[in-house]
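Order of listing sets the numbers, starting from 1, for every ligand and every atom in it.
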Amino acid sequence: MTSSQPIGAFDSGVGGLSVLRALRAQLPAEDILYFADQAHVPYGPRGLDEVRGFSEAIARYLIAEGAKLIVIPCNTASAAALKPLRQLYPELPIVGMEPAVKPAAEHTESGVVGVLATPTTFEGELYASVVERFAQGVTVLQDACPGLVEEIEAGRANGPEARRILEAALQPMLAWGMDTVVLGCTHYPFAFDTIRDIVGPAVRLVDPAPAVARRVESLLAEHALAATGEAGVTSERGSTRYVTSGDPAALQQRVRELLAEDAVVEGVVWDDGEVITADERG
Ligand code: DGL
């Protein structure tokens with residue numbers, strides 16, 4: 001039965017946990033299999049082709065582990081692989097992300113919006129197309145925040161180096177009159193306090209995580225794949241299984257810090273372009 005199949009989710013590392021949080025709030029009964037590709041983090045500077053290769057292999061792994069739907073809580077992997085994955089698996093519901101330029105452009109009063117995302121996200125067609133479709137007449141400023149993902153992966157999301165990177169990105173945007181910041185990388189909501197502190201209370205911060213969780217919910221319903229099977233009534237809570245291609249102890253520590261949860265984390269390895277378990281390598 002579909003109820004025992006998990007939602008598969010993947011990111012380069014801990015960024016997707018900001019979406020996992022929203023998924024669990026929205027869909028408490030669902031089991032989730034969360035894959036962190038920490039052997040390859042950060043994805044941001046790698047370019048579309050390389051990230052697409054990783055994403056396709058991770059999708060094969062998630063499907064082999066029984067995923068009934070795949071969500072990509074990573075703007076960079078979505079930029080690189082959302083379209084190819086939908087072509088490869090036309091029957092599988094797949095939810096991707098793009099920087100939330102649309103709601104930002106709708107709500108800005110100053111007409112100046114700042115987008116924080118990775119270089120590969122800015123390079124992708126998905127980003128160019130949202131800016132073209134939804135940001136006509138709005139000034140869109142961009143910054144790739146070099147080094148910020150690494151700081152967040154190291155557990156220093158609100159440390160002095162993260163602050164330096166964010167000040168360098170945001171202060172020029174503020175000088176242009178920006179009133180809305182799009183968090184276009186799923187790692188960045190973990191630096192929320194520092195971002196808020198730099199931009200002050202009047203600037204709006206847009207995190208698309210809740211919208212992604214609602215999209216997952218509606219696709220599950222559309223495909224009759226929801227864990228409860230009926231009217232959203234359940235007394236059961238779903239479980240989360242964490243897998244990393246990096247150091248399981250490090251991910252366990254980050255999950256403790258970022259989600260206040262004691263997670264059991266499994267390790268997997270990359271072997272000739274495929275994800276395998278350490279046992280399979282023998
Ligand atoms: N969290 C990712 C994103 O949303 C990727 C960050 C990275 O690995 O560079 O873009």
Sub-3.5 Å pairs, protein N or O with ligand 1 N or O:
residue  : atom   : partner : partner atom : Å
ligand 1 : 1 (N)  : Asp11   : OD1          : 3.0
ligand 1 : 1 (N)  : Thr186  : OG1          : 2.9
ligand 1 : 1 (N)  : His187  : ND1          : 2.8
ligand 1 : 4 (O)  : Asn75   : N            : 2.8
ligand 1 : 4 (O)  : Asn75   : ND2          : 3.2
ligand 1 : 4 (O)  : Thr186  : N            : 2.8
ligand 1 : 4 (O)  : Thr186  : OG1          : 3.3
ligand 1 : 8 (O)  : Ser12   : OG           : 2.6
ligand 1 : 8 (O)  : Tyr43   : N            : 2.7
ligand 1 : 9 (O)  : Tyr43   : N            : 3.3
ligand 1 : 9 (O)  : Gly44   : N            : 2.7
ligand 1 : 10 (O) : Asn75   : N            : 3.4
ligand 1 : 10 (O) : Thr76   : N            : 3.1
ligand 1 : 10 (O) : Thr76   : OG1          : 2.6

**Report entry** Pairs involving residues 158-187, ordered by first then second residue, that meet salt bridge (Lys or Arg N to Asp or Glu O under 4.0 Å) (sequence neighbours left out)
**Finding:** Glu161-Arg164, Arg163-Glu167, Arg163-Asp197

Query raised in the report: Does Arg254 come within less than 4.0 Å of Glu257, counting only side-chain N to carboxylate O?
Result: yes

Report summary line: Sorted by chain and residue number, the side-chain contact (heavy atoms from CB on, under 4.5 Å) partners of Glu261 (sequence neighbours excluded) come out as Arg24, Tyr242, Val255, Leu259, Ala263

Report task. Indicate the ring-plane relationship of Phe54 and Trp270, choosing parallel, tilted or perpendicular according to the 30° and 60° boundaries. Result -> tilted

Query raised in the report: Other hydrophobic cluster members with Val131, side-chain heavy atoms of Ile/Leu/Val/Met/Phe/Trp/Tyr under 4.5 Å, chained?
Result: Val101, Val113, Val115, Phe122, Tyr127, Val130, Phe134, Val138, Val140, Val182

Query raised in the report: Taking the side chain from Thr76 and the backbone from Thr120, do they hold a donor-acceptor pair closer than 3.5 Å?
Result: no

